[in-house]
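Taking it in order: structure first as structure tokens, then the write-up.
So you know, we letter chains A, B, ... as the sequences are listed, proteins then strands, and number each from 1.
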2 protein chains.
Amino acid sequence: MPSSKPTPVTMDAVYTAPGYLFRRMQQIAVALFIEECKAFDLTPVQYAALVTISTHPGIDATRLSAVIAFDRSTLGNVIERLQAKEYIVRKPAPEDKRVKLLYLTKAGAAVLGDIMPSVDKAQARMLQPLKPADRKTLLSLLTQLVDLNNESSRVPLRAEDALEHLGRSG
Amino acid sequence: MPSSKPTPVTMDAVYTAPGYLFRRMQQIAVALFIEECKAFDLTPVQYAALVTISTHPGIDATRLSAVIAFDRSTLGNVIERLQAKEYIVRKPAPEDKRVKLLYLTKAGAAVLGDIMPSVDKAQARMLQPLKPADRKTLLSLLTQLVDLNNESSRVPLRAEDALEHLGRSG
DNA sequence: ATTTAATTGACAGTATACTGACAATATGGC
DNA sequence: GCCATATTGTCAGTATACTGTCAATTAAAT
């Protein structure tokens with residue numbers, strides 16, 4: 001076997017790297033979401049925030065961040081935009097002057113109801129090129145991997161249960 | 001079965017969506033890359049660009065964009081930063097006054113050689129929570145999916161071959 | 001050759017992401 | 001009650017991403 005030659009760099013150092021593939025796939029996923037949902041003025045991140053505010057009325061920004069595992073700083077801007085579109089409102093929490101609680105407006109609830117079919121279509125298109133059995137396998141492995149790597153992310157996902165009593169116990 | 005109730009929105013609309021999982025996994029991948037490579041002043045995108053300039057000395061920004069499937073506008077800034085760090089140089093193309101050709105500097109080649117083990121470690125850590133067989137399966141499905149969805153992305157990947165004679169034939 | 005098309009790099013504008021800091025506020029130990 | 005500490009929202013700074021536009025330049029059409 002050849003021994004002391006310096007390893008030649010090839011494009012495989014990029015193309016076969018899982019990180020590169022995850023990046024590409026994320027970009028494709030966003031492109032498909034935007035294409036399917038272009039009739040609605042919502043990005044994937046804004047959609048996720050809206051769903052979460054819908055299922056957790058009165059949640060605050062920090063807990064929202066933990067429930068969808070998005071950066072708290074980033075979320076500030078996302079919330080601003082949702083507010084500017086009048087899809088949500090912010091109300092000061094009576095018992096904690098720091099906190100602002102988030103609620104869907106009627107327009108927010110309406111757009112969420114309307115956009116759902118398009119979102120589903122986009123999600124389906126992402127995996128459509130694979131055979132049905134392969135879709136299941138990929139989704140299962142991906143779910144496992146995200147879960148097992150949870151603590152490696154800057155903003156680990158904290159399930160709703162773990163947050164329910166954050167205000168009192170910690 | 002209940003029939004006409006409006007479908008209640010649950011967090012599954014977020015958590016089980018492939019797009020959400022790809023986003024989370026991409027963020028985890030970047031976090032692991034940055035952590036493993038913190039001794040080197042390179043981001044994942046800058047690393048990919050550097051590898052490509054290394055394997056394609058004298059490539060221009062537009063072709064670089066196509067070879068790694070990164071947005072051309074974004075790449076302009078990436079190139080600026082690599083230039084500021086003196087890892088690459090730009091030389092005007094003699095036969096086309098619009099084009100600026102990209103070359104690695106010695107410092108660029110050195111950092112690329114040095115960072116490789118850390119990059120490999122980061123890539124390995126992303127999949128490490130899975131069993132070896134599952135890693136292979138996931139990587140295979142992900143590679144297929146990215147390839148099959150190539151045209152759905154804003155900047156489809158164009159292999160090096162398809163670009164070799166872009167300057168003459170198109 | 002002259003008009004038309006396309007290409008290249010650049011730029012402005014918007015939207016995620018992350019880092020690190022900060023003031024206001026709340027909570028804990030004592 | 002007082003002080004150290006933690007939390008909340010915010011902000012500034014950097015780095016991807018994408019859209020759309022533009023001037024300079026080149027290539028293609030005729």
Taking for each residue the nucleotide of DNA chain D with the nearest heavy atom, is it Ile28(A) or Gly76(A) whose nucleotide lies nearer the 5' end?
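Its nearest nucleotide lies further toward 5', so the answer is Gly76(A).
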DNA chain D: 5'-proximal contact among Val30(A) and Ala61(A) (nearest heavy atom):
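So the residue in question is Ala61(A).
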OP1 or OP2 of dA10(C) sitting under 4.0 Å from any side-chain N/O of Lys100(B)?
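Looking at the OP1 and OP2 atoms of dA10(C), one of them is under 4.0 Å from a side-chain N or O of Lys100(B).
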Using a cut-off of strictly less than 4.0 Å, decide whether Arg81(B) has a side-chain nitrogen or oxygen near OP1 or OP2 of dA15(D).
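Yes, within the criterion.
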What pair of heavy atoms forms the shortest contact from Asp71(B) to Val155(B), and how long is it?
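In terms of heavy atoms, the two residues are closest at CA-CG2, 3.7 Å.
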Go nucleotide by nucleotide along DNA chain C from the 5' end; which of Arg98(B) and Ser73(A) gets its closest nucleotide reached first?
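Its nearest nucleotide lies further toward 5', so the answer is Arg98(B).
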Of Gln26(A) and Asp96(A), the one whose closest DNA chain C nucleotide lies more 5'
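The residue mapped nearer the 5' terminus is Gln26(A).
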What nucleic acid atoms does Thr74(B) come within less than 4.0 Å of, heavy atoms only: base, sugar-phosphate, or nothing?
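Base, at least one base atom sits under 4.0 Å.
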Measure from [atom1] on [X] to [atom2] on [N] and round the result to the nearest Å.
X: Glu95(B); N: dT7(C); atom1: CD; atom2: P; value: 17 Å
X: Asp71(A); N: dT10(D); atom1: CG; atom2: C1'; value: 13 Å
X: Leu64(B); N: dT16(D); atom1: CG; atom2: P; value: 13 Å

Closest listed nucleotide, where the reference is the side chain of [X] and the choices are [options]:
X: Arg72(B); options: dT16(C), dG9(D), dA10(C); value: dA10(C)
X: Val45(A); options: dC18(C), dC18(D), dT16(C); value: dT16(C)
X: Gln46(B); options: dT16(C), dA26(C), dT16(D); value: dT16(D)
X: Glu80(B); options: dT25(D), dC11(C), dG9(C); value: dC11(C)
X: Arg90(B); options: dA15(C), dT16(D), dG9(C); value: dG9(C)
X: Val78(A); options: dC18(D), dT25(D), dT16(C); value: dT16(C)

Just by distance, with hydrogens left out, do Asn150(A) and Arg24(B) show a side-chain donor and acceptor under 3.5 Å apart?
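Arg24(B) and Asn150(A) do have a side-chain donor-acceptor pair below 3.5 Å.
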Who is the Watson-Crick or G-U wobble partner of dA12(C), with both distances under 3.5 Å?
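Paired with dA12(C), as far as the under-3.5 Å criterion goes, is dT19(D).
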Does dA5(C) sit syn or anti, given that only angles within 90° of 0 count as syn?
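Here the answer is syn: the torsion falls within 90° of 0.
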